[in-house]
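The structure under discussion appears below in the form of structure tokens.
When reading the values below, keep in mind they use all heavy atoms of this one structure, side chains included, and skip hydrogens, waters and symmetry mates.
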Amino acid sequence: MPLRFRLLAGVLVAALAPMLGGSALAQQSPEDVPPHNLTSFAPVDFPTPNRYRDADGSPGRAYWQNEADYRIDVALDTASNRVTGTETITYTNNAPEALERLWVQLEQNYFKTGSRGNAAVSADARFGGFFEEAGYDLSNLRIQRDGETTTPDTLVDGTRMRVSLDAPLASGDSLQLSFDFEYTLPKDGADRHGWMDMEDGTVYQFAQWYPRMYVYDDVHGWNPLPYLGQGEYYLEYGTFNVNITVPRDMIVGGTGRLQNPDEVLTDTQRDRLADARGSRESVMIIDSTEVGRPDTRPDGEGPLTWRYEADRVRDFAWAASQAFIWDAARADAGDRTVLAQSLYPKEGLGTDQEPGWERSTAYTQHSIEFYSDFVTPYPYPNAINVAGRAQGMEYPQIVFCDVNSRGRSLFQVTDHEFGHTWFPMVVGSDERRWVWMDEGLNTFINQYSALDFYGQGRVPPAKVMGGLSNYVTKQMDSPFGDQPIMTYADRIRDDALGFLAYLKPGYGLMVLREHVLGPERFDSAFKEYVDRWAYKHPKPADFFRTMEDVSGEDLDWFWRSWFYETDALDPAVDSVATGDTTMVTISQNKELMLPVTVQLTHADGSTEQRRVPAEAFYTQDTNTLRVTDGPLRKVTIDPNQILPDMNRGNNTWTPSDAVESSSTGSSSSSDR
């Protein structure tokens with residue numbers, strides 16, 4: 001507004017003041033306006049939409065991503081725990097620009113003493129496992145393109161390798177990067193892989209075992225963040241053809257579909273697997289009495305090669321052991337039949353009082369079926385749970401869990417790791433930056449799976465949220481709560497990872513579902529996010545925008561306070577003025593301004609609930625309710641105690657509070 005019009009407006013207001021009868025418009029001066037944190041509702045500055053990522057959170061009309069297809073031949077030497085392999089990566093550039101270099105992940109180099117990870121993580125920490133012989137030996141690097149083979153210039157920097165191209169890789173073109181590799185498997189590989197001796201043999205779990213491509217995307221270009229242990233993976237999708245050669249006495253489980261069962265399984269095992277595909281009860285493929293017997297392996301001598309193929313996956317993991325008990329059963333995922341399987345040594349067996357891995361396949365069935373309904377159908381043919389050293393780690397179609405887990409803890413870790421099928425195996429987010437986009441979303445869906453399994457759907461989510469809210473507020477008020485959820489994974493203090501990456505975002509999404517949006521609107525938006533970004537690379541803004549687009553709700557205030565900041569919540573009963581009309585004033589004492597549920601208890605004991613929406617606090621910290629149907633016995637905020645309220649001591653009012661306040665001469669309520 002030009003200055004002359006602002007001056008004119010001021011004159012008009014002053015002139016009209018007597019006619020307005022002393023209205024707020026005429027009388028209120030700036031110093032009379034109560035303080036209010038207006039930034040709580042300011043817009044969030046999301047990235048500008050473009051042709052690759054739409055304003056509604058969808059992939060844009062020109063969205064693209066590159067593809068990496070792998071062919072790997074790998075062999076395990078159990079005498080030295082040494083892995084040798086030959087690998088060819090077919091890399092396709094779908095970006096609109098040409099690429100002058102490639103970046104390859106060499107995550108086994110993390111375990112070298114003196115690595116960046118070794119400097120960032122103590123040797124005895126969860127993400128440790130450093131040893132002198134660690135790291136890749138790479139040789140015979142070559143690039144095949146247009147019928148020609150060249151030797152590229154490379155630069156290895158810890159867990160990263162830059163491959164310089166003699167000519168740019170044009171948009172739409174492919175090349176093959178080939179090399180030989182070998183390394184010694186860590187015994188304890190950052191709680192993600194490793195090996196563990198059992199009475200009947202050694203259990204090997206292989207992850208981060210092959211060099212793999214970094215992601216080149218439309219937001220950051222190349223994403224060559226070093227592996228530092230805590231931040232997990234950001235990977236391209238593709239097809240894997242993997243041939244695994246191991247001693248004949250070992251059983252192997254891996255990502256994908258086994259291509260040569262006639263060569264590596266006996267007739268009896270193939271028949272039992274066929275039975276398992278039609279059975280809801282677990283079928284023993286190898287039972288505890290058969291482990292180690294020669295007749296559990298095909299006739300002949302020398303090693304066997306297990307051949308796997310997997311499509312539309314971003315990673316490949318496998319496990320092998322002489323000690324595996326093996327059982328399987330059918331899980332139903334929409335119109336797809338999934339073979340749920342468990343591989344475990346006898347050390348994983350439990351008791352009647354504390355069941356162990358003999359229950360693993362039933363837990364796997366539940367997870368696959370629940371999430372297929374709650375999110376979207378499980379897309380793969382197999383779901384394999386492997387007992388071993390790793391406490392809990394997820395990969396496409398196969399997960400690694402602690403052999404010592406029992407009972408509910410085994411259910412929880414199994415359920416959590418298979419929940420990762422949807423985040424980030426199907427929805428391929430960047431775990432190295434935004435760990436909450438897989439761990440937090442997964443923790444959210446885990447709460448409902450556990451309720452379904454143990455409560456048979458009869459326990460309301462509010463009961464779980466009541467317990468979680470107390471823990472969350474305690475952590476928010478501790479040093480663990482002074483970093484925002486949006487902090488990059490490796491920059492979160494290790495002791496705060498469980499809270500900031502898992503629990504706080506997971507619980508926050510429960511608040512959004514149960515209290516802010518309601519299940520119907522939340523669920524349709526959540527499923528739409530999965531549908532839009534399946535086998536793609538969403539960023540945080542894509543999730544936020546999709547939730548807003550489908551639910552029809554502007555949620556900037558929630559994203560800012562809960563994800564970008566460390567804001568706290570403290571709604572309170574500010575005052576109650578009683579009379580023919582009772583005036584109940586609710587205040588918001590902190591920056592996070594969630595909707596408020598107010599329960600009014602009338603004199604006859606009846607109750608009603610009123611909802612004060614977030615919009616009521618756009619420009620003021622208080623909102624007043626008018627109650628005209630008689631006196632009140634009690635006023636309670638958040639009666640189910642599901643919200644992360646930092647101070648529940650100011651959530652309740654009774655008439656005695658008014659009497660006490662009056663006796664001190666500072667009453668905020670009065671009796672007529």
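Within a 6.0 Å sphere centred on CG of Asp45, heavy atoms belonging to other residues, nucleotides or ligands number 12 at most. Taking a 6.0 Å sphere around CZ of Arg611, one finds it holds more than 12 heavy atoms contributed by other residues, nucleotides or ligands. Other residues, nucleotides and ligands contribute at most 12 non-hydrogen atoms within 6.0 Å of the CZ atom of Arg491. Counting non-hydrogen atoms of other residues, nucleotides and ligands closer than 6.0 Å to CD of Glu520 gives a total of 12 or fewer. Summarising the local packing, NZ of Lys463 is surrounded by 12 or fewer heavy atoms from other residues, nucleotides or ligands at distances under 6.0 Å. Within a 6.0 Å radius of NZ in Lys536, other residues, nucleotides and ligands contribute more than 12 heavy atoms.
Shortest non-hydrogen contact noted between Asp54 and Gly60 is OD1-CA, 3.5 Å. The two atoms that bring Ala331 and Ala340 nearest to each other are CB-CB, 4.4 Å, heavy atoms only. Of all the heavy atoms in Thr622 and Phe617, the pair that sits closest is C-CE2, 3.9 Å. Across Ala390 and Phe400, no two heavy atoms sit closer than the pair CB-CB, 3.9 Å. In terms of heavy atoms, Ile637 sits closest to Ala572 at CD1-C, 3.2 Å. Smallest separation of non-hydrogen atoms from Met476 and Ala568: CE-CA, 4.1 Å.
Side-chain atoms of Asp645 and Asn651 include a donor-acceptor pair closer than 3.5 Å. The closest side-chain donor-acceptor pair between Ser449 and Asp415 falls under 3.5 angstrom. For Arg648 and Ser469, the side-chain atoms include at least one donor-acceptor pair closer than 3.5 Å. Donor-acceptor pairing under 3.5 Å is lacking for the side chains of Ser587 and Asp621. Using a 3.5 Å distance cut-off with no hydrogens or angles, the side chains of Ser360 and Asn385 do pair a donor with an acceptor. For the residue pair Asp549 / Tyr529, no side-chain donor-acceptor distance below 3.5 Å is found, with atom types taken as modelled.
In this structure, Ser367 contributes its side chain and Tyr363 its backbone to a donor-acceptor pair below 3.5 Å. Judged by distance alone, with hydrogens and angles left aside, the side-chain atoms of Gln609 form no donor-acceptor pair with the main-chain N or O of Leu600 at under 3.5 Å. Judged purely by atom type and a 3.5 angstrom limit, Arg521 uses its side chain to pair as donor or acceptor with the backbone of Ser551. Without hydrogens or angle criteria, Thr39 side chain to Ala42 main chain gives no donor-acceptor distance under 3.5 Å. Although no hydrogens or angles enter the test, the distance criterion places a donor-acceptor pair under 3.5 Å between the side chain of Asp217 and the main chain of His220. Judged by distance alone, with hydrogens and angles left aside, the side-chain atoms of Arg626 form no donor-acceptor pair with the main-chain N or O of Thr581 at under 3.5 Å. In this structure, Asp191 contributes its side chain and Gln391 its backbone to a donor-acceptor pair below 3.5 Å. Between the side chain of Thr414 and the backbone N or O of Leu410, at least one donor-acceptor pair lies under 3.5 Å. Distance alone, capped at 3.5 Å, is enough to place a donor-acceptor pair between the His515 side chain and the Pro595 backbone. Side chain of Gln588 to main chain of Leu594: a donor-acceptor pair is present (N/O by atom type, distance under 3.5 Å, no hydrogens or angles).
The SG atom of Cys401 lies 5.0 Å from the CD atom of Glu417; values are rounded to the nearest 0.5 Å. The line from CG of Asn442 to CZ of Phe423 is 8.0 Å long, rounded to the nearest 0.5 Å. Between the CG atom of Leu592 and the CG atom of Asp567 there is a distance of 6.5 Å, given to the nearest 0.5 Å.
Sequence neighbours left out, the pairs with a member in residues 470-482 that pass side chain to side chain donor-acceptor pair (under 3.5 Å) are Asp482-Arg493.
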* Could you give me the CA-CA distance, side-chain angles and deciding distance for Asp556 and Glu548, then say whether side chain to side chain contact (heavy atoms under 4.5 Å, CB included) is met? => CA-CA 9 Å; Asp556 280 11; Glu548 292 187 352; 3.1 Å; yes
* Asked: Taking it one step at a time, do Arg532 and Thr546 satisfy side-chain hydrogen bond (donor to acceptor under 3.5 Å, both in side chains)?
  -> CA-CA 9 Å; Arg532 287 176 175 180; Thr546 295; 3.1 Å; yes
* To do: Show your working on side-chain hydrogen bond (donor to acceptor under 3.5 Å, both in side chains) between Thr624 and Thr585 and close with a plain yes or no.
  => CA-CA 4 Å; Thr624 299; Thr585 300; 2.9 Å; yes
* Asked: Run the side chain to side chain contact (heavy atoms under 4.5 Å, CB included) check on Asp438 and Leu441 step by step: do they pass?
  -> CA-CA 5 Å; Asp438 72 298; Leu441 269 62; over 6 Å; no
* Evaluate the criterion side-chain hydrogen bond (donor to acceptor under 3.5 Å, both in side chains) for residue pair Thr361 and Ser342; output intermediate values, then yes/no. => CA-CA 6 Å; Thr361 295; Ser342 298; 2.8 Å; yes
* **Verdict with reasoning, Asn650 to Asp570, per side-chain hydrogen bond (donor to acceptor under 3.5 Å, both in side chains)** => CA-CA 9 Å; Asn650 56 18; Asp570 180 22; 3.2 Å; yes
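Between Phe411 and Tyr454, a ring centre-to-centre spacing shorter than 6.0 Å is recorded. You'll find the ring centres of Tyr52 and Tyr63 outside the 6.0 Å limit. If you look at Phe418 and Tyr378, their ring centroids are not closer than 6.0 Å.
The one candidate from Trp562, Phe558, Phe563 that meets the ring-ring contact (aromatic ring centres under 6.0 Å, His included) condition with Phe544 is Phe563. For the side-chain hydrogen bond (donor to acceptor under 3.5 Å, both in side chains) with His602, the qualifying choice from Lys634, Arg633, Glu608 is Glu608, the only one to do so. Screening Trp422, Tyr448, Phe453 for a ring-ring contact (aromatic ring centres under 6.0 Å, His included) with Tyr371, the sole residue that qualifies is Trp422.
Evaluation of the ring pair (Phe, Tyr, Trp, His ring centres under 6.0 Å) rule for His416 yields His420, Tyr502 as partners, not counting sequence neighbours.
A salt bridge between Asp542 and Lys539 is absent, with no side-chain N of the basic residue lying under 4.0 Å from a carboxylate O of the acidic one. One finds a salt bridge joining Asp523 and Arg513 here, because a Lys/Arg side-chain nitrogen approaches an Asp/Glu carboxylate oxygen to under 4.0 Å. With respect to Arg280 and Asp332, a salt bridge is recorded, a charged nitrogen being found less than 4.0 Å from a carboxylate O. Under the 4.0 Å criterion applied to side-chain N and carboxylate O atoms, Arg560 and Glu591 are not assigned as salt-bridge partners. Look at Arg53 and Asp218 and you find a salt bridge, because one of the NZ, NE, NH1 or NH2 atoms lies within 4.0 Å of a carboxylate O, short of that distance.
A perpendicular orientation is assigned to the rings of Trp434 and Tyr488, their planes being inclined by more than 60° (bins at 30° and 60°). Aromatic ring pairs are classed by plane angle as parallel below 30°, tilted from 30° to 60° and perpendicular above 60°; the pair Phe526 and Phe444 is perpendicular. Using cut-offs of 30° and 60° for the angle between ring planes, the Phe41 and Trp557 rings count as tilted.
A 4.5 Å side-chain heavy-atom check between Phe522 and Met547 finds at least one atom pair inside the cut-off. Taking 4.5 Å as the limit, some side-chain heavy atom of Val427 sits within range of a side-chain heavy atom of Pro538.
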